[in-house]
Novice: 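First the structure, then my questions, so here it is.
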Amino acid sequence: MRFNRILLSATLVVVALVVQVSVLARLQLPGAVPDLVLLTVLGLALVYGHVGGALVGFGAGLLADLAPPADHAAGRYALVLCVIGYLAGLAKPDGGRLRSATGPLVVVVSAAIGSTLLYAGVGSLVGDTAARHVGLVGLLFTAALYDLLLAPFTVPLIIALARRADNDPLGENSPANKAADVSSGWLSSGTGLRIGNQRGGLRAKAAKARVARAGRIKGVKRL
C-alpha cells in the first residue's frame, strides 16, 4: 500500500475506534454495539480492493483487540476483520464507481452478519461461549440493524476520502490524468469535432488569406 493510503487508513481506523469505544459502546443499546470500525474497513475495502481490504482489516482488528476494554484474546477480531475486508474488497465495482447504494448496503448487512458469526465461531474454538448466553439471533439482528442505520452517514464519506487521497496529480496513471484523457476524448468524439484537424484547417485558411491579401496588394502596386 502507498504511504497516503496507509496514513489515511490509520487515521480513519483510530478515529473510528475512539468514537466506538467512548461513545457508541456507552449508549447501552440492546443487543450488539454499532461497529464503526467494521464500517471503516468496508468503506476502504470498496476503494482499495481485496488485498488492501485484508490489510486494513487486519490492522484495524488488531488495534481493536489491544484497545481497552478488550476482554478477548488478541488476534481474534483481527482475523475476523481480515477475512471480512478481503471479501468486501472483492465487491469493489469496476472502474471504482458505485452506480447505486444497493450494493454497498448489501455488503454492510452481509459483513455485519458474517463478522458476528465468524467472531462467535472463533470464540467457540477458544472456549468463549458468551454469544450463546446473550443470544446469537438477537446479536445478528441488532448488528445488521445498527450497522445498516449507521452506514449511510459513514461509508460514503470514507469512500470519498479514500478516493480523494488517491488523486495524485503527479502520478502517471492518476485519476486526474485519466479524467483529462476522458474529457479530451469526449470533446473529440462526443461533439464530432477533431481539435487537431480543426486547428490545422484554421492555420491553412489563415495562410491562404495572407497569400490572397499579398496578391491583392501587389496587384494594386502594379497598377
Novice: Considering all heavy atoms of both residues, which atom of Ala45 and which atom of Gly85 are nearest to each other, and what is their separation?
Specialist: CB-O, 3.6 Å
Novice: Where is the tightest heavy-atom contact between Thr40 and Ala16, given as atom of each residue plus distance?
Specialist: OG1-CB, 3.3 Å
Novice: Taking atom OH of Tyr119 and atom CG of Asp35, what is their separation to the nearest 0.5 Å?
Specialist: 10.5 Å
Novice: Given 3.5 Å as the limit, does a donor-acceptor pair link the side chain of Thr142 with the main chain of Ala32, or not?
Specialist: yes
Novice: Quick one: closest heavy-atom pair of Asp65 and Ala78, and the distance?
Specialist: OD2-N, 3.1 Å
Novice: Can a donor-acceptor pair be found, under 3.5 Å and without considering hydrogens, that links the side chain of Asp147 to the backbone of Val108?
Specialist: no
Novice: Mind running side chain to side chain contact (heavy atoms under 4.5 Å, CB included) on Ile113 and Leu117 for me, showing each step along the way?
Specialist: CA-CA 6 Å; Ile113 296 175; Leu117 289 175; 4.0 Å; yes
Novice: Could you tell me which non-hydrogen atom of Ala143 sits nearest to which non-hydrogen atom of Ala112, and how far apart they are?
Specialist: O-CB, 3.8 Å
Novice: What distance do Gln20 atom CD and Leu27 atom CG have between them, rounded to the nearest 0.5 Å?
Specialist: 11.0 Å
Novice: Can you see which heavy atom on Gly43 is nearest to which on Ile159, and at what distance?
Specialist: O-CG1, 3.6 Å
Novice: In Å and rounded to the nearest 0.5 Å, what is the CG to OH distance from Leu36 to Tyr146?
Specialist: 15.5 Å
Novice: What is the distance from atom OH of Tyr77 to atom CG of Leu118, rounded to the nearest 0.5 Å?
Specialist: 10.0 Å
Novice: Identify, with sequence neighbours excluded, every residue that meets side chain to side chain contact (heavy atoms under 4.5 Å, CB included) alongside Leu145.
Specialist: Phe141, Leu149
Novice: Working note: Leu150 + Leu24, criterion side chain to side chain contact (heavy atoms under 4.5 Å, CB included); need CA distance, chi angles, decisive distance, verdict.
Specialist: CA-CA 11 Å; Leu150 191 59; Leu24 298 179; 4.3 Å; yes
Novice: Would you say the side chain of Leu29 lies within less than 4.5 Å of the side chain of Pro34, judging by non-hydrogen atoms?
Specialist: yes
Novice: Under a 4.5 Å side-chain heavy-atom rule over Ile, Leu, Val, Met, Phe, Trp and Tyr, are Val106 and Ile84 clustered together?
Specialist: no
Novice: From Leu46 CG over to Arg163 CZ, what is the distance, rounded to the nearest 0.5 angstrom?
Specialist: 9.0 Å
Novice: Within this structure, what is the CG-CZ distance for the pair Leu63 and Phe58, rounded to the nearest 0.5 Å?
Specialist: 11.5 Å
Novice: I'd like to check Leu12 versus Leu44 (side-chain heavy atoms, cut-off strictly below 4.5 Å). Are they in contact?
Specialist: yes
Novice: Write down the atom of Leu39, the atom of Thr154, and the distance for their closest heavy-atom approach.
Specialist: CD1-OG1, 3.5 Å
